[in-house]
Amino acid sequence: MSGVKKERFFRRLRVLGGVLGFRGSDREAQGSDREARGSDRDGRGSDRDGRGSDRDGRRFRVSRLAVLAAVGAVLVGTVLAGALGLFASGGPAAPPGGAAAGAAGVPAGLAGPAARAAAGVEAGAGASPPDLAALIADREAWLRGHPDDHLSWAVLGAAYAERGTRVGDPAAYPAAERALRRSLKARPAAEGNTAALLGMGEVALARGDFAAVRRWAEEARRRQPAAWRAEALLVDAHRGLGDDAAAGKALERLRKLRPTGAAALARVVELYRDRGWREDAAAVAHDAVARARTPAERAAALRRLGDLAWERGYARDALGRYEAALRAVPGDAPALAGRARALAALDRAEEALAVYAAAWKARPLPEYALEAGDLYAALERPAKARERYGAAAVAAERAAGYGVNQALAVGRHEAGHGDPGRAVEVLRAEWRRGHRSADTADALGWALLRAGEPREALPYVRAATERGVRSALFAYHRGEVERALGREGAARRLLEEALRINPHFSPLYAPAARRSLAELGEPSEGPPEG
């Protein structure tokens, strides 16, 4: 085999291994990870939707296990060696924490919780709030005596941004931006300061400004073509802008640069979900659990499995995933919110409300308050529902004051519980600025229906349901639009689909879907709708 052919052969294996997770070579992917396998119907025989179509892929994987095992062992060893390099001090001659960096853009000399946080943020796996606090305190102390250390300013900015996301504190984002701009002043992008460019992209992502994310990531990639974090940011930016094709291309580049990293696997799951490839998304999510190297990585992977199970109506399986995530990282806010959803679906409403309160305390995001308000409303406790809806509005307003895009939260709140006209105004502005994800299309369509404009709503709800993702909420919204237009056959089909996807998708709207179906009655014997 020629050298060129060998390179092509191994390149294909590396890409393939990034998708399949080198299952045959990884003992963690077998009996040692019971939480991520035994109880989940996702990716197994109980899911009739994807069983038949996935057989070829299973045979394909089995037929190559021996080769993938060998290649997987090499690549996993390489990744682990790189990860260990994040903690390198750079040798005795390196100044403690100065610009003589260890591997991958992490300042040398860090130790303990600060080192864990820096490595986790750099690897795209996140870090716990206590470790982030230690890193922030460490870098602030260092920078008081070394104000020209551009790398430490970049690390400080990234730590602030991560802290803002982890604890739901939007006040951290201006601090992050100030630190990153200070880094760029100390060493401009033209001189190779890609760490600060990537940090600016991450702040823009936390604020929901996807066009800015794309600009910063493209500049970082131009300066450093092998920067995998730039590709990860581009996947997120294109998803937020509704450009599925560009997101897919960025994901392919990311997988070549970082085939088994947590950031790559997470985005594979998200894009597969967006395309409706639920079996494949679940398979990659299982592999991500098995490959997790830190509690934060493990919790995030388990949450994704929980989300996939929840979206398919498997509330009990979802509950097990969320509880496993909470064992990995107690107090993890997204896992708490997921657990609350699953408990509500299992008719354990009072427990669900208590868990929603814990999620809100851990990370006061508007969506958690909105979900709790919907549950109170479904339980016919209007005063409590209004209190939660009010808390959501206050949280959204506060976050917007720090530059965080709250259009979706405001639009959903106003459409469902406030002024639908304002919801339309806010969401139309979001659409005009290029934020055209399926979520934005669905929210705008629903707001238009609630504002009495079903004909205008139809193209948006169609766009949301036809993108690929199988969402019970999207199907319900489109069903109600079709019903308002007198298209009873289409309405009946979509409302039935919503309840088939997830019979408990919302404590408010799942019962509303059942009422609408009852009002529509049985289909007539007339000709099909045109």
Side-chain angles (χ1 to χ4, degrees), residues 49 208 210 235-248 269-278 281 307-308 310-313 341 367 370-371 374 405-416 420 423-485 487 489-506 508-510 512-513 516:
D49 289 342
F210 299 110
V235 174
D236 297 332
H238 292 309
R239 287 183 72 226
L241 295 168
D243 191 340
D244 296 338
V269 174
E270 289 165 355
L271 259 71
Y272 282 1
R273 173 197 168 273
D274 288 351
R275 294 172 180 178
W277 302 347
R278 301 186 305 183
D307 292 342
L308 290 167
W310 163 253
E311 289 175 354
R312 302 172 77 165
R341 280 180 223 116
E367 50 264 41
L370 286 174
E371 289 182 29
D374 284 351
N405 179 3
Q406 291 293 309
L408 275 177
V410 171
R412 287 170 174 160
H413 171 258
E414 295 291 350
V424 170
E425 179 183 345
V426 168
L427 291 165
R428 277 198 190 282
E430 187 75 351
W431 193 262
R432 284 194 297 269
R433 70 186 293 205
H435 289 190
R436 299 184 176 185
S437 67
D439 286 316
T440 305
D442 171 74
L444 178 52
W446 182 243
L448 284 162
L449 174 67
R450 299 282 289 183
E453 300 291 346
R455 195 162 300 281
E456 287 190 56
L458 186 59
Y460 295 104
V461 292
R462 275 182 175 168
T465 56
E466 292 173 359
R467 290 281 286 277
V469 61
R470 295 196 65 192
S471 164
L473 184 65
F474 292 2
Y476 166 70
H477 286 166
R478 182 175 170 185
E480 291 291 9
V481 170
E482 300 279 11
R483 181 173 176 237
L485 292 170
R487 299 164 56 90
R492 188 180 293 105
R493 175 178 57 80
L494 286 155
L495 294 170
E496 288 173 347
E497 181 183 354
L499 294 169
R500 187 166 53 249
I501 293 170
N502 184 354
H504 309 288
F505 68 90
S506 163
L508 273 185
Y509 298 125
S516 294

Please tell me if the side chains of Glu367 and Leu408 come closer than 4.5 Å, counting only heavy atoms from C-beta onward.
no
Show the nearest heavy-atom pair for residues Leu494 and Gly479, with the distance to one decimal.
CB-CA, 3.7 Å
So which heavy atom on Gly411 is nearest to which on Ala423, and how close?
O-CB, 3.4 Å
At what distance, to the nearest 0.5 angstrom, does CZ of Arg492 lie from CZ of Arg487?
13.0 Å
Is Arg428 paired with Glu456 through a side-chain N to carboxylate O contact shorter than 4.0 Å?
yes
How many angstroms lie between atom OG of Ser471 and atom CZ of Arg273, to the nearest 0.5 angstrom?
7.0 Å
Do Thr465 and Glu497 touch side chain to side chain, with heavy atoms closer than 4.5 Å?
no
In short, Leu271 meets Val235 closest at the heavy-atom pair CD1-CG1, 3.6 Å
Student check: side-chain heavy atoms of Arg275 and Val469 closer than 4.5 Å
no
Val461 vs Leu448, test: side-chain contact (heavy atoms from CB on, under 4.5 Å). Steps then yes/no.
CA-CA 10 Å; Val461 292; Leu448 284 162; over 6 Å; no
Do Trp310 and Phe505 make the cut of ring centroids closer than 6.0 angstrom?
no
Could you check whether atom CZ of Arg455 has more than 12 heavy atoms from other residues, nucleotides or ligands sitting under 6.0 Å from it?
no
Considering only heavy atoms from C-beta outward, does the side chain of Arg433 approach that of Asn405 to under 4.5 Å?
yes
What is the minimum heavy-atom distance between Leu499 and Ala510, and which atoms define it?
CD2-O, 3.9 Å
Regarding Arg341 and Glu371, does a basic nitrogen lie under 4.0 Å from an acidic carboxylate oxygen?
yes
Does the distance from a Lys or Arg side-chain N to an Asp or Glu carboxylate O, for Arg278 and Glu311, drop under 4.0 Å?
no
Residue that, paired with Arg467, satisfies salt bridge (charged side-chain N to carboxylate O under 4.0 Å, His left out) out of Asp439, Asp244, Asp442:
Asp244
Could you tell me which non-hydrogen atom of Ala447 sits nearest to which non-hydrogen atom of Leu427, and how far apart they are?
CB-CD1, 4.0 Å
Taken in chain and number order and not counting sequence neighbours, the residues that satisfy ring pair (Phe, Tyr, Trp, His ring centres under 6.0 Å) with His435 are Phe210
Indicate yes or no for a side-chain donor-acceptor contact from Arg239 to the backbone of Ser437 under 3.5 Å, with no hydrogens or angles considered.
no
For the residue pair Arg432 and Arg436, what are the closest heavy atoms and their distance?
CA-NH2, 4.4 Å
4.5 Å side-chain heavy-atom contact, His413 and Leu370
yes
Between Glu480 and Arg483, does at least one N-O distance fall below 4.0 Å, as a salt bridge requires?
yes
Assert yes or no for the condition that the ring centre distance of Trp446 to Phe474 is strictly below 6.0 Å.
no
Derivation and outcome, salt bridge (charged side-chain N to carboxylate O under 4.0 Å, His left out), residues Arg478 and Glu466:
CA-CA 11 Å; Arg478 182 175 170 185; Glu466 292 173 359; 3.7 Å; yes
